[in-house]
Amino acid sequence: MASAVAFILFMWQVAAWFLPSFLMPGVPEVMMRLGKEVQSGDFRSAIFGSLGRLGVGYGVALFFGIGFGLFGAVLYFFREVLKSAIIILQSIPSIAWVPLFLILMGFGSLPIIIVVALSAFFPAALSVMNATESVQKVHVSAARVMGATRMDLVRRVYLPAVMPELITGAQLAFGNAWRALISAEMLVGFGKGLGRGLAYAGETADMTGVMANILVIAILAPLIDQMILEKLKQRLLRYQYV
């Protein structure tokens, strides 16, 4: 990962050498600006605001996505309907939902959180439902013969079997949620957030500010993925890392 970051920064600096500074500021200039911004309360508030919306929206999406996916495993008619609906709805870009929720809910954090939740719900639910289809029917039949209820099937048969795909789906859902968060914050223009800061820097033609915000957005997402989701994956699937 470090080599990839170094390569990106190098290509960025090469582009800055050939372009005017007002179009493409160099890496040192942006780093100095970022160092000043980190010390300001507004910048920290923007980061915490974005992470707060992300945490709520992503958490809601995982809860309902995994729940609906497992629920569809034991109710076959429901699974086909839900799966078809998800395939249709996930083709709509998450940013397209923003005007609808703005009209319904007004300006605030709630429309952004709903958009984040929607963007993460679809891949989470779909990955779980696809994984449940690969569960061997003999295991399900054996559990039923032993008197397992539908809840027992979910907890003792389907959930352990789909765990690897569930974690992969959660990581994919996080990427969708992060992109939806930044896009929604840029469009809504409410409160403090990384997307709002990026949009404001663009509106004022502050290219150094634009690149500083892009750099933070690019760093935070893989950092969260590696420090939280990847460690959770290794913990839950530790038998694969022995």
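Side chains included, hydrogens not; waters and symmetry mates left out as well; all remaining heavy atoms used.
- Put simply, CG on Leu198 and CD1 on Ile217 are 5.0 Å apart, with the number rounded to the nearest 0.5 Å.
- No path of Ile, Leu, Val, Met, Phe, Trp and Tyr side chains, each step under 4.5 Å between heavy atoms, connects Leu172 with Phe63, placing them in separate hydrophobic clusters.
- The distance from the CZ atom of Phe43 to the CG atom of Leu34 is 5.0 Å, given to the nearest 0.5 Å.
- Evaluation of the ring-ring contact (aromatic ring centres under 6.0 Å, His included) rule for Tyr58 yields Phe174 as partners, not counting sequence neighbours.
- Side chain of Trp12 to backbone of Pro25: a donor-acceptor contact under 3.5 angstrom is found.
- Open room surrounds CE on Met32; 12 or fewer heavy atoms of other groups in view lie less than 6.0 Å from it.
- Nearest heavy-atom pair, Ala61 versus Ala117, reported as atom, atom and distance to 0.1 Å: CB-O, 3.2 Å.
- Residues satisfying the side chain to side chain donor-acceptor pair (under 3.5 Å) criterion with Ser50, sequence neighbours excluded, are Glu185.
- Listed by first then second residue, pairs satisfying side chain to side chain donor-acceptor pair (under 3.5 Å) with a partner in residues 208-220 read Glu29-Thr208, not counting sequence neighbours.
- One finds the CG atom of Leu181 at 7.5 Å from the CG atom of Leu194 (value rounded to the nearest 0.5 Å).
- For Arg179, there are no salt bridge (charged side-chain N to carboxylate O under 4.0 Å, His left out) partners at least two apart in sequence or on another chain.
- Summarising the geometry, atom CG belonging to Asp206 is positioned 9.0 Å from atom OH belonging to Tyr200; distances are rounded to the nearest 0.5 Å.
- Residues satisfying the side chain to side chain donor-acceptor pair (under 3.5 Å) criterion with Glu37, sequence neighbours excluded, are Arg33.
- Cluster annotation: Ile103 and Ile112 are assigned to distinct hydrophobic clusters (Ile/Leu/Val/Met/Phe/Trp/Tyr, side-chain heavy-atom contacts under 4.5 Å, transitive).
- Rounded to the nearest 0.5 Å, atoms CH2 (Trp178) and CG (Leu51) are 5.5 Å apart.
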Taking only distance into account, with no hydrogens and no angle test, what donor-acceptor pairs under 3.5 Å do side-chain atoms of residues 90-102 form with protein atoms, sequence neighbours excluded?
from: Ser91; atom 1: OG; to: Ile88; atom 2: O; distance (Å): 2.5

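- For the pair Ile86/Phe121, a side-chain contact is recorded, criterion being any heavy-atom separation below 4.5 Å from C-beta on.
- Residues Leu110 and Phe48 fall into different hydrophobic clusters, defined by Ile, Leu, Val, Met, Phe, Trp and Tyr side chains chained together at heavy-atom separations under 4.5 Å.
- Considering all non-hydrogen atoms of both residues, Glu203 and Arg196 come closest at OE2-NH1, 3.6 Å.
- Put simply, CD on Gln171 and CD1 on Ile224 are 13.0 Å apart, with the number rounded to the nearest 0.5 Å.
- Heavy atoms only, all atoms of each residue included: Ser119 and Ala177 are closest at OG-CA, 3.5 Å.
- Residues Ile47 and Leu220 have side chains in contact (heavy-atom distance under 4.5 Å, counting atoms from C-beta outward).
- Ile219 and Ile8 fall into different hydrophobic clusters, where Ile, Leu, Val, Met, Phe, Trp and Tyr are joined by side-chain heavy atoms under 4.5 Å apart, directly or via other members.
- Minimum heavy-atom separation, Pro123 to Asn176: CG-ND2, 3.6 Å.
- The hydrophobic cluster containing Met24 also contains Ile214, counting ILVMFWY residues as joined when their side-chain heavy atoms lie under 4.5 angstrom apart, directly or transitively.
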